[in-house]
**Student:** 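Before I ask anything, here is the structure I am working with.
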Amino acid sequence: MSTMRESADVPAWPVYALTVHDDGRVLASGPLIETSGHPTRAAAIEVVAGAAGRLGRSVRATASEPDGAVWPLIVSPDGEVSEVKTGRPRAAAPKKRAEKRRERRQEKDRGRRAAKRAAKEGSAAAPRPGAPEGGEAYAESLAQVTDHLDAGRTDEARALATQLDTQVAGVLGVSHPVALGVREVRARATAEAGDPVAGIQLYRDVAERWHYRGDAEQAEAVAGRAEKLWTGITDVERALSAGVAVVRMRNQIPGEGGAALASVLAHRERLLRTPVAEAAPEATPATAAPVADAGTAKGTEAVAGRGAAAGAEVPEPPAAVSSAPRSSRPRPRTAPSWERPAVNARKAG
């Protein structure tokens, strides 16, 4: 890396991912660019620099080496690359990362088992501030949400899940694993209550927060639920509206080899090419004919008589202009604008 640079003057969004493979190839992904492989690092940097040029400023990037080391970078529009001065090492051995992931999974498994035990024993619905941090204290309320959903009481389930999400986030923090689990249940309840767009946005929030916590497995699982819910929306305009959140999410969680990001981009393109027809005009009975007023009818007969007497051709009356809507035509549609994150979710909670 050529230089060290302070990063305070570079916004936190967007961030581009440069993943270096053992054979030297580099996979570049991030907002405003297509996920693509490049034979050299310089070629991948050139793509990121192009995005920076379109934004008119430098952008952030993270370069992940095959040995697990991660380098935070700043890429300028002219292709200059600077290493971010963080004041702490960013390289991490793969073994340590695997151990941390294993510890997090074990912690979540213990929390799930404790929550199941608490649900059977009838533990308190919600703890007071300062209570021990654990999912067991909220198990009864979560079980009530599930009961409402199973019974088809979706509005009650959504209201209870929303209240519980607010309470848990206030006690444990919005990015605590227990809070994320509660918010995922809220996303399901919201979607089943008839608001899939809001449900997708909640799933997106949960997936990105798992991503910022470093749990790729959980992030991908929740992102998959959001994507499945999105592809099930049949209303084109509604699907395009929800697609903004899905595309943003998949730019950060592109899936293995960028396959998930490519899939959502292809689905959005299909939506953009789908014509949206206006309301069709009501059919007019074939036997119906315009009724002229008496004066017009008499005038027409008089003109016809004079023309016949003179042996001249009588021009046909002009065709009536219909006031019905024109035939259905596809309306042009533009792609939804990119949604820019308001805050860095890593700092939240």
**Student:** If the threshold is 4.0 Å, N to carboxylate O, is there a salt bridge linking Asp147 and Arg153?
**Tutor:**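 Answer for the salt bridge query: no.
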**Student:** Are Leu261 and Ile253 grouped together when hydrophobic residues (ILVMFWY) are joined by side-chain heavy atoms under 4.5 angstrom apart?
**Tutor:**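 Yes; tracing contacts between hydrophobic side chains, which count when under 4.5 Å, links both residues.
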**Student:** Kindly give the heavy-atom pair with the smallest separation between Pro31 and Pro14, and that separation in Å.
**Tutor:**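 Looking at all heavy atoms of both residues, the closest pair is CG-CB, 3.6 Å.
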**Student:** Any luck finding a side-chain donor-acceptor pair between Thr146 and His148 under 3.5 Å?
**Tutor:**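 Side-chain D/A pair, Thr146 to His148: absent.
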**Student:** Search all heavy atoms of Ser175 against all heavy atoms of Arg209 and return the closest pair with its distance.
**Tutor:**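 Result for this residue pair: OG-NH1, 2.9 Å.
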**Student:** Decide yes or no for Val246 and Arg204: does some side-chain heavy atom of the first lie under 4.5 Å from some side-chain heavy atom of the second?
**Tutor:**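 No, too far: nothing below the 4.5 Å cut-off.
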**Student:** Could you check whether any side-chain N or O of Ser263 sits under 3.5 Å from a backbone N or O of Ala259, counting only pairs where one atom can act as donor and the other as acceptor?
**Tutor:**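 Checked: no pair found.
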**Student:** side-chain contact (heavy atoms from CB on, under 4.5 Å) between Thr162 and Arg158: does it pass, once the steps are laid out?
**Tutor:** CA-CA 6 Å; Thr162 301; Arg158 180 181 186 180; 4.2 Å; yes
**Student:** Out of curiosity, Ile200 CD1 to Arg238 CZ, how far, rounded to the nearest 0.5 Å?
**Tutor:**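 One finds 9.0 Å between CD1 of Ile200 and CZ of Arg238.
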**Student:** May I ask you to test the Val10-Val84 pair for a side-chain heavy-atom distance under 4.5 Å?
**Tutor:**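 Of all side-chain heavy-atom pairs linking Val84 with Val10, none is under 4.5 Å.
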**Student:** Got a salt bridge between Arg25 and Asp23, using NZ or NE/NH1/NH2 to carboxylate O under 4.0 Å?
**Tutor:**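 Salt bridge between Arg25 and Asp23, a charged N being under 4.0 Å from a carboxylate O: yes.
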**Student:** Tell me whether Arg60 contacts the main-chain N or O of Trp13 through its side chain, where contact means a donor paired with an acceptor under 3.5 Å.
**Tutor:**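 Side chain of Arg60 to backbone of Trp13: no pair is present.
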**Student:** Looking only at heavy atoms, which two atoms of Gly199 and Thr190 are closest? And how far apart?
**Tutor:**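 Closest approach of Gly199 to Thr190, heavy atoms only: N-CG2, 3.8 Å.
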**Student:** Got Leu164 and Leu142 here, is their nearest side-chain heavy-atom distance under 4.5 Å?
**Tutor:**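 They are in contact (side-chain heavy atoms under 4.5 Å apart), so the answer is yes.
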**Student:** Rounded to the nearest 0.5 Å, what separates atom CG in Leu240 from atom CZ in Arg268?
**Tutor:**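 Between Leu240 CG and Arg268 CZ, I get 8.5 Å after rounding to 0.5 Å.
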**Student:** Tell me, do Tyr16 and Leu32 make a side-chain contact under 4.5 Å, heavy atoms counted?
**Tutor:**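 Contact flag for Tyr16/Leu32 side chains = yes.
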**Student:** Quick one: do Leu73 and Val26 end up in the same hydrophobic cluster if we chain Ile, Leu, Val, Met, Phe, Trp and Tyr together by side-chain heavy atoms under 4.5 Å apart?
**Tutor:**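 Yes, it is one cluster - the side chains of Leu73 and Val26 are joined through contacts under 4.5 Å.
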**Student:** Please answer whether the main-chain N or O of Ala191 pairs with a side-chain N or O of Asp195 as donor and acceptor at a distance below 3.5 Å.
**Tutor:**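 Not a single qualifying donor-acceptor pair exists.
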**Student:** Under the side chain to side chain donor-acceptor pair (under 3.5 Å) criterion, do His38 and Ser36 qualify, and how do the steps go?
**Tutor:** CA-CA 7 Å; His38 303 276; Ser36 55; 2.9 Å; yes
**Student:** Any side-chain heavy atom of Val206 within less than 4.5 Å of one from Leu202?
**Tutor:**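 In short, these two side chains do not touch, never coming nearer than 4.5 Å.
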**Student:** Would you check if Arg225 and Glu184 make a side-chain contact, meaning some heavy-atom pair closer than 4.5 Å?
**Tutor:**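 Counting from C-beta outward, Arg225 and Glu184 do come under 4.5 Å.
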**Student:** In terms of heavy-atom contacts, does CD of Glu269 have more than 12 from other residues, nucleotides or ligands at under 6.0 Å?
**Tutor:**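 More than 12 within 6.0 Å, yes.
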**Student:** Does Gln252 form a side chain to side chain donor-acceptor pair (under 3.5 Å) with Tyr212? I'd like the steps, not just the answer.
**Tutor:** CA-CA 10 Å; Gln252 300 183 69; Tyr212 290 134; 2.5 Å; yes
**Student:** Let me check something: do Val236 and Val197 share a hydrophobic cluster, defined by ILVMFWY side-chain heavy atoms less than 4.5 Å apart, either directly or through other members?
**Tutor:**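 No, separate clusters.
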**Student:** Check the pair Trp230 / His267 against side-chain contact (heavy atoms from CB on, under 4.5 Å), numbers first and verdict last.
**Tutor:** CA-CA 10 Å; Trp230 177 51; His267 183 66; 3.4 Å; yes
**Student:** Considering non-hydrogen atoms only, spot the tightest contact between Val75 and Ala61 and give its length.
**Tutor:**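 The pair with the smallest heavy-atom distance is CG2-CB, 4.3 Å.
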**Student:** Is there a path from Leu271 to Met249 through hydrophobic residues (I, L, V, M, F, W, Y) whose side chains come within less than 4.5 Å of each other?
**Tutor:**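 Leu271 and Met249: one cluster.
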**Student:** Going by heavy atoms in the side chains, are Thr62 and Val15 under 4.5 Å from each other?
**Tutor:**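 With C-beta onward as the side chain, the pair touches.
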**Student:** Which heavy atom of Gly37 sits nearest a heavy atom of Leu27, and at what distance?
**Tutor:**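 In terms of heavy atoms, the two residues are closest at N-CD1, 4.0 Å.
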**Student:** Which distance, rounded to the nearest 0.5 Å, do you find between the CD of Glu192 and the OG1 of Thr154?
**Tutor:**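 Going from the CD atom of Glu192 to the OG1 atom of Thr154 covers 7.5 Å.
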**Student:** Test your reading of the model: is there a side-chain donor-acceptor pair from Trp210 to the backbone of Val222, 3.5 Å cut-off?
**Tutor:**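 Absent.
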**Student:** Do Val168 and His176 come close enough that some side-chain heavy atom pair is under 4.5 Å?
**Tutor:**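 Val168 vs His176: side chains apart.
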**Student:** Kindly give the heavy-atom pair with the smallest separation between Ser76 and Ala52, and that separation in Å.
**Tutor:**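 Closest approach of Ser76 to Ala52, heavy atoms only: C-CB, 4.1 Å.
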**Student:** Here's a test for you: under salt bridge (charged side-chain N to carboxylate O under 4.0 Å, His left out), which of Arg250, Arg248, Arg183 qualifies with Glu208?
**Tutor:**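 For Glu208, the salt bridge (charged side-chain N to carboxylate O under 4.0 Å, His left out) check succeeds only for Arg248.
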**Student:** Between Gln167 and Gln163, does the side-chain contact (heavy atoms from CB on, under 4.5 Å) criterion hold? Intermediate values first, please.
**Tutor:** CA-CA 6 Å; Gln167 187 173 32; Gln163 180 181 4; 5.5 Å; no
**Student:** Looking at Glu65 and Arg41, does any basic side-chain N land under 4.0 Å from a carboxylate oxygen?
**Tutor:**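 Looking at Glu65 and Arg41, the cut-off is met.
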